Every structure is written in structure tokens, then in C-alpha cells.
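A short write-up of the structure that comes next.
Every value quoted in this text rests on a predicted model; they were computed, and no experiment measured them.
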Amino acid sequence: MRRYGKNTDEDDIRSRPNRKGNRPRTHIRPKHEDAAEGMVLTVDRGRLTCLVEDRLVHAMKARELGRKAAVVGDIVAIVGDLSGKKDTLARIVRIADRTSVLRRTADDDDPYERVVVANAHQLAIVTALADPEPRPRLIDRCLVAAYDAGLSPLLVLTKSDLASPDKLLELYGHIDIPYVVTSREELETGGAADRVREHLASKVTAFVGHSGVGKTTLVNALVPEDRRRTTGHVNAVTGRGRHTTTSALALPLADSDGGWVVDTPGIRSFGLAHIDPSRVINAFPDLVPGTEGCPRACSHDERECALDQWVEDGHADPARLYSLRRLLSTRERREGD
């Protein structure tokens with residue numbers, strides 16, 4: 001059944017009214033070639049806050065991007081209202097190629113990858129020397145993810161007034177990893193922030209750490225004007241900290257020649273389901289030379305593995321080999337499921 005006659009004109013066609021406002025509906029869309037470049041600072045339930053020049057612009061992902069998601073650290077092309085005024089919303093139409101991607105999974109059995117940050121240069125692993133107790137295997141897992149993503153690691157050891165860092169530093173003494181040791185008093189006076197800041201100039205650095213280690217306190221000291229979150233406390237019974245950061249947030253460092261800090265939520269685990277087991281050894285550079293005598297396709301957890309003799313000869317700490325094999329055995333159990 002025909003709704004209109006043969007000779008219709010514009011007056012014959014019914015137009016759908018715009019029920020949400022007074023502005024007329026339009027199909028005109030901003031041109032992609034007019035897009036401005038921005039950096040994603042944080043993501044909250046599909047809304048992205050981006051830095052465009054010196055303005056904070058709220059945006060959503062354009063439908064044509066499909067399932068491709070923008071994450072903190074991404075360089076994006078944005079169209080629409082870029083004024084940054086209240087109640088304005090722009091659109092992200094392109095995501096630039098990433099120079100690095102730091103990923104993690106909830107555990108080694110979880111196939112779903114979570115991108116922590118894009119385009120970072122460095123991973124600062126924040127660990128308390130006490131309250132809560134240090135977790136070397138969590139540090140090793142972070143190192144695996146950092147090396148796999150092409151990031152340089154930085155160890156930040158907090159609460160040195162409660163325990164000595166010597167034992168932990170001895171464990172990583174064969175690895176050329178820069179480190180900073182801080183105390184609670186230094187965090188309060190700003191001395192710790194000054195020494196950490198020396199490693200952050202001209203770099204995008206993601207900060208990760210177990211809840212309660214003082215990560216957000218350190219970030220607040222590095223970027224004192226950001227006070228949107230309060231620090232938490234450690235549960236005296238479980239030794240676990242309360243989560244005080246709920247989403248990743250990129251913050252610019254003052255007087256740092258373009259340095260950025262990315263504060264991330266506190267983690268209880270760092271799954272490596274996305275990393276090929278054959279690449280795990282790259283996180284243990286003190287053990288890599290010992291693999292030259294290994295048989296082909298060695299799993300590094302068998303009788304013929306040359307790493308046992310390498311460690312026995314005093315070239316590496318036995319705890320490092322134990323940590324490597326613990327990670328590998330966890331991965332093997334996952335693949336065998």
C-alpha cells in the first residue's frame with residue numbers, strides 16, 4: 001500500500017519531531033579531517049575525559065569504532081564540541097596506533113585481557129616493606145608484564161621506617177632495575193616525591209601496587225593539586241588495604257618536561273594469561289644467560305634444564321629460579337585445563 005502519490009514533494013513527507021530539545025534534528029556530522037588531537041586521561045562508564053590542548057573535554061566513542069575501546073594514555077582524534085564547557089560532549093573518531101600496551105588478567109585462568117594503560121614508557125612497582133608485607137612473586141609478575149609490554153621497570157619501596165629494604169633488594173640485586181626507598185615521614189615531607197620524580201621526567205609512568213602500600217599517597221605527593229581521592233588504611237587482621245583508587249587516571253607532572261603519572265587501582269593479583277610462557281623468562285634477565293645450555297624447547301622445569309647448574313654455581317639467587325618455575329607451573333596448569 002502506497003503512502004504517497006507518484007508526485008510527492010517535501011511538504012508531503014512527515015518529519016519526526018525532536019522530543020529532547022528545541023534544536024532541529026540534523027544528519028550533518030563533523031568531518032574527521034577537522035578532528036583535534038587529545039590524550040585520554042580517564043574512563044568512567046563509557047565517558048572519557050581527554051586533554052585537548054589545555055582543556056578537559058568529555059567525550060564518547062563514535063559508533064564507527066565498533067568494539068575498539070580507548071583507554072588511559074591513548075592518543076585520539078576528537079570532533080564535536082571541544083569547548084570543555086559543562087554538559088558538552090564530543091566524539092572520539094580515531095585511536096592512534098599504540099607504542100606500548102600494558103595488560104593484565106584477573107588471574108591466570110581468565111582469558112579476558114584488561115588494558116591497564118597505553119603508550120606508557122615505564123612501570124613503577126610500588127611495594128611496602130611492611131604493613132602489608134612485601135610480595136616478591138607479585139613483583140615478579142609485574143616485571144613479566146612490564147618486559148612483555150616493552151616498559152622499563154622502576155621499584156619503589158615504601159615504609160622503610162618499618163622494615164629494612166636489604167633483603168628485598170638482595171633478591172633483585174642481579175637485575176639492573178632502578179629503585180627508590182622511601183619512608184612514611186619522607187612521603188609527608190615531600191622528600192620521597194622529589195627522589196621518585198627524578199625517574200619520571202619526560203616519561204609516561206604507570207604506578208601499580210597492592211592495596212595499602214602507599215601508592216596513591218605517593219601520587220598525591222607527586223601531584224599535590226590532585227586531591228579527588230583520599231588514602232585508605234590497611235586492615236590489621238587481613239593485612240590487606242582498602243581500595244582507594246577505582247579507575248586509572250593520568251596526571252601531568254609539573255616541571256617534568258612532559259612527564260605523566262598514571263595512578264591505577266590497587267591490585268590483589270596480576271594475571272598473566274595473555275603472555276606466552278616462552279616469554280616469561282625475559283622478566284628474569286639474571287637467569288637468561290643460564291638458558292644457553294638448555295635443551296631445545298626447554299620448559300625450564302625439567303631435569304635437563306641448565307638453570308639448576310647456573311644457580312648452583314652462584315650466578316643467581318635460588319629464590320629467583322623458584323619464582324620463575326612457580327609462574328611457569330601456574331601457566332602450564334591453565335593451558336592444561
Side-chain angles (χ1 to χ4, degrees), residues 98-118 120 122-127 133-155 167-179 206 208-210 264 267-337:
R98 295 163 176 169
T99 58
S100 68
V101 181
L102 178 66
R103 299 181 173 93
R104 63 177 286 260
T105 56
D107 52 50
D108 289 335
D109 296 317
D110 184 2
Y112 179 70
E113 296 180 14
R114 295 161 176 81
V115 178
V116 180
V117 62
Q122 186 171 232
L123 179 65
I125 306 168
V126 185
T127 301
E133 292 298 314
R135 299 170 59 188
R137 284 191 291 273
L138 179 61
I139 297 175
D140 288 342
R141 285 175 170 272
C142 292
L143 289 175
V144 169
Y147 285 122
D148 189 73
L151 306 186
S152 301
L154 170 68
L155 283 179
K167 184 177 180 180
L168 196 60
L169 290 176
E170 183 180 354
L171 186 60
Y172 296 95
H174 296 288
I175 309 177
D176 187 20
I177 299 178
Y179 64 88
V208 299
H210 191 259
T264 64
I267 57 174
R268 301 201 190 279
S269 63
F270 205 110
L272 302 174
H274 60 291
I275 295 179
D276 191 309
S278 64
R279 303 200 303 266
V280 173
I281 187 67
N282 295 329
F284 299 80
D286 51 329
L287 298 177
V288 171
T291 63
E292 293 180 2
C294 288
R296 187 175 182 179
C298 180
S299 67
H300 304 308
D301 193 13
E302 53 192 70
R303 287 184 180 180
E304 295 78 11
C305 180
L307 288 177
D308 291 287
Q309 190 63 47
W310 177 261
V311 170
E312 187 176 334
D313 292 341
H315 296 296
D317 192 309
R320 298 286 291 157
L321 180 57
Y322 171 78
S323 185
L324 168 66
R325 287 176 171 167
R326 181 182 176 89
L327 287 178
L328 290 172
S329 64
T330 301
R331 297 304 313 279
E332 289 170 0
R333 287 197 299 272
R334 180 188 66 82
E335 293 190 348
D337 290 343

Donor-acceptor contact present, side-chain [X] to main-chain [Y], <3.5 Å:
X: Trp310; Y: Asp286; value: yes
X: Tyr147; Y: Pro153; value: no
X: Asp317; Y: Ala319; value: yes

I need the minimum non-hydrogen distance between [X] and [Y], along with the two atoms involved.
X: Cys305; Y: His300; result: SG-CA, 3.5 Å
X: Ala149; Y: Leu102; result: CB-CA, 4.1 Å
X: Val144; Y: Phe284; result: CG2-CE1, 4.3 Å
X: Ala145; Y: Ile275; result: CA-CD1, 3.9 Å
X: Ala273; Y: Thr105; result: N-OG1, 3.3 Å
X: Glu304; Y: Pro295; result: O-CD, 3.4 Å

- Query: Do Asp276 and Ser278 have side-chain atoms, one donor and one acceptor, less than 3.5 Å apart?
  - Reply: yes
- Message: Distance to the ring centre below 6.0 angstrom and angle to the axis at most 45 degrees; does that hold for Arg104 and Phe270?
- Response: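 So Arg104 does make the cation-pi contact.
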Find the distance between [atom1] ([X]) and [atom2] ([Y]) and round it off to the nearest 0.5 Å.
X: Asn282; Y: Leu287; atom1: CG; atom2: CG; value: 11.5 Å
X: Leu138; Y: Ser323; atom1: CG; atom2: OG; value: 10.5 Å
X: Cys142; Y: Arg135; atom1: SG; atom2: CZ; value: 9.5 Å
X: Glu292; Y: Leu307; atom1: CD; atom2: CG; value: 11.0 Å
X: His210; Y: Glu133; atom1: NE2; atom2: CD; value: 11.5 Å
X: Asp140; Y: Leu324; atom1: CG; atom2: CG; value: 8.5 Å

- Query: Hey, mind stepping through Leu123 and Ile125 against side chain to side chain contact (heavy atoms under 4.5 Å, CB included) and telling me if it holds?
  - Reply: CA-CA 6 Å; Leu123 179 65; Ile125 306 168; 4.2 Å; yes
- Query: Would Leu143 and Ile177 count as a side chain to side chain contact (heavy atoms under 4.5 Å, CB included) if you check the C-alpha gap in whole Å, the side-chain angles of each, and the deciding distance to 0.1 Å?
  - Reply: CA-CA 10 Å; Leu143 289 175; Ile177 299 178; 3.8 Å; yes
- Taking 4.0 angstrom as the limit, do Asp308 and Arg325 come out as a salt bridge?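 Salt bridge flag = yes for Arg325 with Asp308.
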- Message: What verdict does the side chain to side chain contact (heavy atoms under 4.5 Å, CB included) test give for Val126 and Val208, after you've listed the backbone C-alpha separation in whole Å, the side-chain angles of each residue and the deciding distance to 0.1 Å?
- Response: CA-CA 6 Å; Val126 185; Val208 299; over 6 Å; no
- Query: Does Glu302 CD have over 12 foreign heavy atoms under 6.0 Å away?
  - Reply: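 Correct, the count exceeds 12.
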- Side chains of Leu154 and Gln122 in contact at under 4.5 Å (non-hydrogen atoms):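 Sidechains of Gln122 and Leu154: in contact.
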- Message: For a side chain to side chain contact (heavy atoms under 4.5 Å, CB included) check, start with the C-alpha distance between Cys298 and Thr291, then their side-chain angles and the critical distance, and finish with the verdict.
- Response: CA-CA 9 Å; Cys298 180; Thr291 63; over 6 Å; no
- Taking only residues two or more places apart in sequence or in another chain, which ones pass salt bridge (charged side-chain N to carboxylate O under 4.0 Å, His left out) with Arg103? Glu113
